[in-house]
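Throughout, protein chains are lettered first and strands after them, A, B, ... in sequence-line order, and every chain is numbered starting at 1. Heavy atoms only: backbone and side chains are in, while hydrogens, waters and symmetry mates are out.
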There are 2 protein chains.
Amino acid sequence: MAATRELLIDTMKLLLWERGYDATSPNQVLERSGVGKGSFYHHFKGKKDLAIAAMESRTDDLIAEFDQIIAQTDGDWLAQVSAYLRLPRHALKGCRMGRIVQDPSVEDEQLLAPLERYFSTMHKRFTAIYSEAQSSGALVKIHKPEALAKLTLSVLQGGFVVGRAVQQDDTVGDVCESFLDMLAALKTN
Amino acid sequence: MAATRELLIDTMKLLLWERGYDATSPNQVLERSGVGKGSFYHHFKGKKDLAIAAMESRTDDLIAEFDQIIAQTDGDWLAQVSAYLRLPRHALKGCRMGRIVQDPSVEDEQLLAPLERYFSTMHKRFTAIYSEAQSSGALVKIHKPEALAKLTLSVLQGGFVVGRAVQQDDTVGDVCESFLDMLAALKTN
DNA sequence: GTCTATAAGGCGATAGAC
DNA sequence: GTCTATCGCCTTATAGAC
């Protein structure tokens, strides 16, 4: 079945979210999916190969999710950023991509590639929003769009880290709200 | 020798920084420190026991480092926050404590305890700075001190995550600088 | 306190039958 | 395509001599 391959990818996506890369074993993927060892090594070269496929798929999902939120939101730049930052997020579950970044094995360039694609794409998306907002005169030109974009992504990722450390599930929402307040002060009309 | 115990702790602190908890093995600690297996299990119950001692020690170091920076800095609240946020930080190396937070084993409450102590202590320190600044009229009262403190810690931690993902070592410095610009706008005199 | 030897178990992966 | 059996390696320890 072609479904086996997809099932393995979907299961790996869940485990990468729950446990990251290093702590997830092929056996765990097999146990949860019900797929056998032979099938797994037929469809993929090994753990790393499956993880890359899962991370690429996750990247596509998350970028599509972002684009949909932005497309659905009519309003100015702040309304768009707000809509995205206010999506429900649970610090204790971690970010579906950011969760993986700190794993030691992720110094490997092949494992790094999908992470880099995700974060640099999101950076471009936010840069475009802030840049256009400045062009139309709706955002003060004190900060570079690129810098604001990088800060936005960092606030989000940092909220997950701090929230997990202090075991407060709503931390990401809290820090996003504070950051949005500061962004609102940069709005010019 | 009593030095053996300290040597094991110092070596574990380095490895926790480089590889986190799950990916660090007792054998790695022994190889790097030159201590033998027998000595290790004489001084500590096991890996977890050593890791907790190392994390508690690291927490003490980092809080002492913070307090020293603040004490050395004469100037207003913004000068103090700037002095701390502008310490040299390398995203590719990771935060000495934040590096560990995402490890799956760190759901264990004993491993979590030192992390929680570090982040909640830092949160209190920043809250005190922002709170006093508001009392003295040097900081606008739009934001709660607690919220600003949580945001400050998140910016720092998020910078490490994003920086590692896009492989830009100076990301933490960049986002701190952007954040400081936004804080400067909240200064009232 | 420190040493070496050993152990049970999981890891990532392969072999070869069906 | 999928199965079961097996592999060599590493992990976290423990045992018992010195």
- Query: Expressed in angstrom and rounded to an integer, what is the separation of B:Leu15 atom CG from D:dT12 atom P?
  - Reply: 12 Å
- Task: Figure out the CZ/P separation between B:Phe44 and C:dT2, and round it to whole Å.
- Result: 12 Å
- Distance test, side-chain N/O of A:His42 to OP1/OP2 of D:dG1, below 4.0 Å: yes
- Item | Between C:dA13 (P) and A:Leu8 (CG): distance, integer Å | 14 Å
- Nucleotide nearest B:Lys37 (side chain, heavy atoms from C-beta), chosen from D:dT2, D:dT12, D:dT4: D:dT12
- Query: Does A:Lys47 make a cation-pi contact with A:Tyr21, if we ask for NZ or CZ under 6.0 Å from the ring centre and within 45° of the axis?
  - Reply: yes
- OG-CD1 distance between A:Ser57 and A:Ile52, expressed to the nearest 0.5 angstrom: 13.5 Å
- Message: Using OP1 and OP2 only, check whether a side-chain N or O of B:Ser39 sits under 4.0 Å from C:dC3.
- Response: yes
- Specify the residues of residues 20-33 of chain A, ordered by number, for which at least one heavy atom lies under 4.0 angstrom from an atom of DNA chain D. none
- Task: Check the distance between C:dT2's C1' and B:Leu7's CG and give it to me in whole angstrom.
- Result: 14 Å
- Query: What's the CZ-C1' distance between A:Phe40 and D:dT2, to the nearest Å?
  - Reply: 14 Å
- Task: Using atom CZ of A:Arg19 as one end and atom C1' of C:dG10 as the other, report the distance to the nearest whole Å.
- Result: 12 Å
- Message: Under the criterion ring pair (Phe, Tyr, Trp, His ring centres under 6.0 Å), I'd like the reasoning laid out for A:Phe66 against A:Phe126: C-alpha separation, chi angles, the key distance, then a yes or no.
- Response: CA-CA 10 Å; A:Phe66 176 89; A:Phe126 276 113; 5.3 Å; yes
- Task: State whether B:Asp108 and B:Lys48 are salt-bridged, where the test is any N-O pair (Lys NZ or Arg NE/NH1/NH2 against Asp/Glu carboxylate O) under 4.0 Å.
- Result: yes
With a 3.5 Å cut-off and sequence neighbours excluded, list the donor-acceptor pairs that the side chains of residues 152-163 of chain B form with protein atoms.
residue: B:Thr152; atom: OG1; partner: B:Tyr130; partner atom: OH; Å: 2.9
residue: B:Thr152; atom: OG1; partner: B:Leu148; partner atom: O; Å: 2.7
residue: B:Ser154; atom: OG; partner: B:Lys150; partner atom: O; Å: 2.9

- Item | N or O in side chain of A:Tyr41 less than 4.0 angstrom from C:dA13 OP1/OP2 | yes
- Query: Would you call A:Arg32 and A:Asp10 a salt bridge, taking side-chain N to carboxylate O under 4.0 Å as the test?
  - Reply: no
- Under-4.0 Å side-chain N/O to phosphate OP1/OP2 contact, A:Thr4 with D:dG1: no
- Carboxylate-amine/guanidinium proximity below 4.0 Å for A:Asp103 and A:Arg19: no
- Quick one: B:Asp49 CG to D:dT14 C1', roughly how many Å, whole number? 16 Å
